[in-house]
Amino acid sequence: MKAQLTKGNEAIVKAAVLAGARAYYGYPITPASEIAEAAALYFPQAGGVFLQAESEVGAVNMLYGAASAGVRCMSASSGPGISLMQEGLSYLAGAELPCVVADIMRGGPGLGNINPEQGDYNQLVKGGGHGNYKTLVLAPSSAQEMADLTAWAFDLADEFRNPVAVLADGYVGQMMEPVRFADPIPVAPPPDWAVTGTAESRKNLITSLFLLADEAERHVRHLESKYKEAERKYTRAECWRTDDAEIVLVGYGIVGRILKAAVELGRSRGMALGLLRPITLYPFPTVQVREVGKRVKAVVVVELSTGQLVDDVRLALNGSVPIELYSRVGGNVPSAEEVLGFIQRTFMQSREEALIHG
Amino acid sequence: MASYTVTHEKAECLYEIYERKPELKHQTHYCPGCGHGIALKLLARAIDEAGIRDRTIMVSPVGCSVFLYYYFDVGNVQVSHGRAPAVGTGLSRSLPESIVISYQGDGDLAAIGTAEILHAANRGESMMVVFVNNGIYGMTGGQMAPTTPLGKKSTTTPFGRNEWTDGPPVRMSEILNALDAPVFIERVGLGDNKQIMQAGKAFRRALDIQVKRQGFSFLEVLSPCPTIWKLDPVDAQRFIREDMAKTFPIGNLRDRTKDALSRPAPKPAPPIAELPRILELTDDTPEEPVATPSKPLDLRLRIAGFGGQGVLMLGEVLAEAGLEAGYNVSWLPSYGPEMRSGTSNCHVRICSDPVDSPLVSNPSVLIAMNEPSLRKFLPSVEPGGMVIYNGETEPPEDCRRPDVRFITAHFTALADSLGSSKATNIVMLGALLEAEDLIEEKYVASALRGKVKSQRWLNIDFAAIERGREIACPV
């Protein structure tokens, strides 16, 4: 199929249908509503289910039902709605049910505003709901990645029997770029653990309840081992001009795009900059960050939140490299110039200080 | 009593031994005298009689209903507190051949899960809901339920349920009876054998609706909880008959089984090969090889104006034309309430190299469709850049820059003269195409054809491009 100018939010839906998703349950919210609207248009035509739920609490539990039936299913929302879904995400992870949820982040806390922000990092990457579980989190930075990572999210969800989040911001959701979609894949038969209302599946039980301490610990350790496996197998990051970089910029989503422009602009002014853009936020690309960290003098984390991503970068580098944070929130998105200005202020000044005091 | 027969046969859809139970695998987790055992037996017998064991999926949430999967040899899904009707929706929508039964207590259904039950009922989901109302939280040890009768003491109403502070008990059957979609709503009691026999009939009827795929059926069961009520089983049954039934009258509230239609079978799914067409990823035009751009380009555009002036549409046409001409493109809108009033703007990039940032902070071209937009974005235009400004007069004194090329015209008036002020954006597009050698017009025309479906509007738009070109044409 040829490349088509597609809105990020719509790319998610088309890619989902092509990847075999046949159930969508959601509740409208800006800036994610186009996902529900496109799903309402395409899912029923593709032989699937679309339902506008009474709330995100309802929606995520409808996913629990569809996933129990072995159907590839999804929902989408933005921060406030994702908060409401957290109860269900914990249950889905506990019951080992696969599903995909897109979070097109807006400003917070509370009602915040509808501008792009990245304040949902912690609530998805660190779990968000109760108990020892993780949500796998993918972070697209283009309309093409909205499609590609959504398709991958369904594969990961099935492989790990766990919810997978596609975490984007309002800009990546709203912008249009050319997208080349993959060929459609047929709907797979339901997995052997699913409850499908048949004689063969009658013995099956979907539950997150484990009464006995030993049984519960075995279950949580099993979940833990899945997450460890995901950490071994699937960390992904884009490294751009990091080979000879002295300072590496780290950012995801729309910020990753801006930082790429900042790297080019900085290089044109003689600054040896590189970019590391995490594509998987959980599992976090610790290996890639450490590898790049060995070669550079400093790392600058840029995020549209007050220091959420930077925590994972700090954990990865464990004090081996100086880390600076440049953060904008509320819907303010820095330009490449602005980021360069921060780097200049931060590092050029400290160099002068080093000359004076060193 | 001759009409009653006491049977001790186990229903086929109940397990012989409760292997999923951690201990005491021959008995249930219910207290002596509890109504759940009776309700479950009635349900099991109805499932057996309907011959639907293999098709049944039991949804059990939180409370004393939590362990249904210990007992029922059917498909089992255990869910969170109050959400069973939502989970049941997800199951039954994807599995139209299955029989979905949710079995919920009063805290679950009438307190934390009110939204889910109300909307599942209102959508007429294909599911049977058993609502076991014992007027108390049993599993958690005797806290007030939304259905606890007035005056009744519980661990969280130590002085008795107070109408003014706790509100009166909630009557769920009556509430659901205010909705159009449910097919069957009945309240039964387990207060004596007669009531139990009546309840058995209601179970069969509510389940039959599922077998016939007629829609939503709701069965409220007034059930004794001797342990928490601190009554012996006989007095607990009397409490059902004499006290509970006063607040919650026993009887059928609705039975539309005669008129209710069976739901039509879902349409068969289209073949996989049809999906690209369904998703509008293919069109009828023959696929042409991707054009090779005629020259290098790095266009950074900002288009701004009032909502409704076609700001976003103009950006889309440019991005689409750029894509067809073989360039890399991006289009990024301001979004949200601006769509409905106020100002609107978008960022467009059309370039030979891959687009790094889709944000345009220093545009090479600004299309300002009104004065506020000019004021806002003029300072950001890069030196040597261009501004196309829609103004009745020259820009105000404080909105000028000598290092920027200006094309000013009253584009709205020009569009008006062509038949519609809505074409203002396209007249400005014409001016842009003339002023800068950007993209071949055939790609712009093709992009417009893709966006504008009416021939009348296309004609206006093509005339608008010509008019715009005349304006920008150096004399």
Side-chain angles (χ1 to χ4, degrees), chain A residues 1-5 14 17-18 23 25 30-31 42 45-47 49 51 53-55 57-58 61-66 68-69 71 87-88 91 114 170-171 174-178 181 184 186 195-199 201-202 204-209 211-212 257-258 260-261 264 333 335-337, chain B residues 20 22 53-57 66 69 73-80 83 86-95 97-99 115-116 118-119 266-270 272-273 275-276 278-279 281-282 287 290 316 319-320 323 328-333 335-337 355-359 361-362:
Chain A
M1 280 177 266
K2 68 174 182 180
Q4 286 203 342
L5 200 59
K14 292 186 178 187
V17 171
L18 293 168
Y25 296 97
T30 308
Y42 298 127
Q45 291 189 69
V49 176
L51 196 158
E54 60 273 14
S55 70
V57 176
N61 282 285
M62 290 166 192
L63 291 188
Y64 191 101
S68 297
V71 176
E87 175 202 54
Y91 277 81
I114 58 164
Y171 272 168
Q174 295 291 327
M175 74 188 182
M176 271 186 163
E177 288 183 315
F181 287 95
V195 174
T196 57
T198 57
S201 71
R202 204 180 75 214
N204 290 344
L205 166 65
I206 303 293
T207 186
S208 63
L209 174 60
L211 272 191
L212 303 177
R257 301 287 295 273
I258 296 162
K260 200 175 243 185
E264 293 307 306
V333 180
S335 65
E337 280 284 358
Chain B
R20 284 172 174 157
R53 178 177 64 164
D54 288 343
R55 290 163 61 198
T56 298
I57 301 175
V66 68
Y69 57 87
D73 183 7
V74 300
N76 276 287
V77 179
Q78 202 290 312
V79 305
S80 61
R83 319 298 178 212
V87 176
T89 298
L91 284 161
S92 93
R93 291 278 179 127
S94 283
L95 302 169
E97 294 301 316
S98 67
I99 307 281
E116 286 76 19
L118 198 77
H119 288 276
K267 273 193 282 183
I272 290 298
L275 287 182
I278 289 169
L279 297 172
L281 296 174
T282 52
E287 192 162 329
V290 177
E316 272 188 59
E320 183 69 50
L323 177 64
N328 297 294
V329 300
S330 68
W331 172 93
L332 174 68
Y335 58 85
V355 177
D356 43 25
S357 171
L359 271 81
S361 26
N362 297 112

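Atom set for the values below is all heavy atoms of this structure, side chains included, hydrogens, waters and symmetry mates excluded. Protein chains get the first letters and strands the later ones, always in sequence-line order, with residue 1 at the start of each.
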Side chain / backbone / both / neither for [X] at chain B, heavy atoms under 4.5 Å:
{"X": "A:V17", "value": "both"}
{"X": "A:F181", "value": "side chain"}
{"X": "A:L5", "value": "both"}
{"X": "A:A199", "value": "both"}

Grab the two heavy atoms, one from [X] and one from [Y], that are nearest each other, plus how far apart they are.
{"X": "B:L95", "Y": "A:V195", "result": "CD1-O, 3.5 Å"}
{"X": "B:A86", "Y": "A:N61", "result": "CB-CB, 3.7 Å"}
{"X": "B:L323", "Y": "A:A3", "result": "CD2-O, 4.0 Å"}
{"X": "B:D54", "Y": "A:R202", "result": "OD1-NH1, 2.7 Å"}
{"X": "A:P186", "Y": "B:I272", "result": "CA-CD1, 3.6 Å"}
{"X": "A:A46", "Y": "B:A269", "result": "O-CB, 4.2 Å"}

TODO: Mind ranking A:G47, A:S55, A:A336, A:A261 by heavy-atom pairs under 4.5 Å with chain B and telling me who comes out on top?
DONE: A:A261
- [ ] Name the member of A:L63, A:L212, A:L209, A:V71 that forms the most heavy-atom pairs with chain B at distances under 4.5 Å.
- [x] A:L209
Option in [options] with maximal non-hydrogen atom pairs under 4.5 Å from chain A:
{"options": "B:A115, B:G88, B:A273", "answer": "B:A115"}
{"options": "B:S92, B:P266, B:P268, B:P22", "answer": "B:P22"}
{"options": "B:D73, B:N328, B:I99, B:V79", "answer": "B:D73"}

Side chains of [X] and [Y]: closer than 4.5 Å at any heavy-atom pair?
{"X": "B:S330", "Y": "A:M175", "answer": "no"}
{"X": "B:R93", "Y": "A:Y25", "answer": "yes"}
{"X": "A:R257", "Y": "B:V355", "answer": "yes"}
{"X": "A:E337", "Y": "B:S361", "answer": "no"}
{"X": "A:S335", "Y": "B:L359", "answer": "no"}

When rounded to the nearest 0.5 angstrom, what distance separates [atom1] in [X] from [atom2] in [Y]?
{"X": "B:E116", "Y": "A:M62", "atom1": "CD", "atom2": "CE", "result": "7.5 Å"}
{"X": "B:T89", "Y": "A:E54", "atom1": "OG1", "atom2": "CD", "result": "7.0 Å"}
{"X": "B:R55", "Y": "A:T198", "atom1": "CZ", "atom2": "OG1", "result": "11.5 Å"}
{"X": "A:M176", "Y": "B:L332", "atom1": "CE", "atom2": "CG", "result": "11.5 Å"}
{"X": "A:L51", "Y": "B:H119", "atom1": "CG", "atom2": "NE2", "result": "11.5 Å"}

Task: Heavy-atom proximity to chain A below 4.5 Å, by part of B:P333 - done: both
- [ ] Tell me, for B:R20 versus chain A, whether the close heavy atoms (under 4.5 Å) come from the side chain, the backbone, both or neither.
- [x] side chain
Task: Check: B:E97 side chain, A:G197 main-chain N or O, donor-acceptor pair, under 3.5 Å - done: no
Open item on the list: Determine whether a donor-acceptor pair (N or O, by modelled atom type, separation under 3.5 Å) exists between the side chain of A:K14 and the backbone of B:L279.
Closed with: yes
